[in-house]
Number of protein chains: 2
Amino acid sequence: MECQTKDFQQEHKKEMRAVQDAMDVLSGKWKIPIISSLCYYNQRRFSDILNDIDGISNRMLSKELKELEINLLVKRTVLDTQPVSVHYQLTDHGLTLRTIIDNLTAWGVTHRRKIVGK
Amino acid sequence: MECQTKDFQQEHKKEMRAVQDAMDVLSGKWKIPIISSLCYYNQRRFSDILNDIDGISNRMLSKELKELEINLLVKRTVLDTQPVSVHYQLTDHGLTLRTIIDNLTAWGVTHRRKIVGK
DNA sequence: CAGGATCCTATACGATACTG
DNA sequence: CAGTATCGTATAGGATCCTG
């Protein structure tokens, strides 16, 4: 411990800022489920996602999708049907989250086993 | 899309529950920075962590460490020195988060570049 | 169908002060 | 040093109703 220089610590703080940047985008109750849904189904309408995710309200879905759009993770496409339908899909950048989601899924499974016990 | 069976959807909902389980443990402002700190330094005292993480209060650190302990991610050890010092370290189970944290860190970096522009 | 507007509650979090 | 207690605020999120 005594050998740790200021640079060493600064390097770590930089890393922490990066993880927090990531978590700022992904935290909350619904972001990951939404991304997960779009990952799984590739292309999805508003009401489909509403159905994919148990317990989410339209208000929340709308709000979260907007934030994901702002963060360039999701692309919104309005189709001029009657009545209008709207498609959501992950951008290329959004797709780069796939590995993380998969890892989190796997970890979630083993964690539950660990906590609840089997 | 039309070929998706009920089973297919149920499988996906299971996966989503798993990611949410993971996020329940990791969400919030401080959990990941704390784990990151313990990952980096291996063993750390309360006041050290307080120093590692910019902006965290002792109240929050105390609270978050307790939750991490309950989730078996962190082990607390009291050393009978005068005055007492307390060591925190990741459990084996906590260490399994390393990959995820590394991935999130890397993703955070590219995401910031993407959003802020370079 | 795809949302927006409104209202309300819970909890996350912050600041400060105190203790063994 | 390693916390706990107390108080206050802000934000996340839920419920319900409305609209082009």
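This one's a predicted model, so the numbers in the text were calculated from it and none came from an experiment.
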Check: To the nearest Å, how far apart are Asn58(A) CG and dC17(D) P?
Finding: 12 Å
Check: In whole angstroms, how far is the C1' atom of dG3(D) from the NZ atom of Lys66(B)?
Finding: 8 Å
Notebook entry, point to check: NA contact type, Ser47(A), heavy-atom cut-off 4.0 Å: base, sugar-phosphate, or nothing?
Noted result: sugar-phosphate
Next item on the list: Specify the separation, in whole Å, of atom CG of Leu65(A) and atom P of dA2(C).
Entry: 11 Å
Item checked: Strand-adjacent residues in residues 69-91 of chain B, judged by heavy atoms under 4.0 Å from DNA chain D -> Arg76(B), Pro83(B), Val84(B), Ser85(B), Val86(B), Tyr88(B)
Margin query: Taking the ring centre of each residue, are Tyr88(B) and Tyr41(B) less than 6.0 Å apart?
Written below: no
Next item on the list: Grab the CD1-P distance between Ile32(A) and dG13(D) for me, whole Å please.
Entry: 13 Å
Next item on the list: Measure the distance from CD1 on Ile53(A) to C1' on dG13(D) and round it to the nearest whole Å.
Entry: 14 Å
Check: Within the side chain of Asn51(B), is there an N or O that forms a donor-acceptor pair under 3.5 Å with the backbone of Asp48(B)?
Finding: no
Check: Short question: side chain of Thr105(B), backbone of Ile101(B) - any donor-acceptor pair under 3.5 Å?
Finding: yes
Note to self: Keeping Ser85(A) on the side-chain end and Leu79(A) on the backbone end, is there a donor-acceptor pair under 3.5 Å?
What the structure shows: no
Do any N or O atoms of the protein come closer than 3.5 Å to N or O atoms of nucleotides 10-13 of chain C, and which pairs are they?
from	atom 1	to	atom 2	distance (Å)
dC13(C)	OP1	Lys29(B)	N	2.9
dC13(C)	N4	Arg59(B)	NH2	3.1

Checklist line | Main-chain N/O of Glu67(A) paired to Asn71(A) side chain as donor or acceptor, under 3.5 Å | finding: yes
Item checked: d(CG, Asp52(B); P, dA2(D)) in whole Å -> 12 Å
Checklist line | Ile49(A) reachable from Ile56(A) in the ILVMFWY side-chain graph, under 4.5 Å edges | finding: yes
Next item on the list: For Thr110(B) and Trp107(B), indicate whether the former's side chain and the latter's backbone hold a donor-acceptor pair under 3.5 Å.
Entry: yes
Check: Between Lys29(B) and Glu64(B), does at least one N-O distance fall below 4.0 Å, as a salt bridge requires?
Finding: no
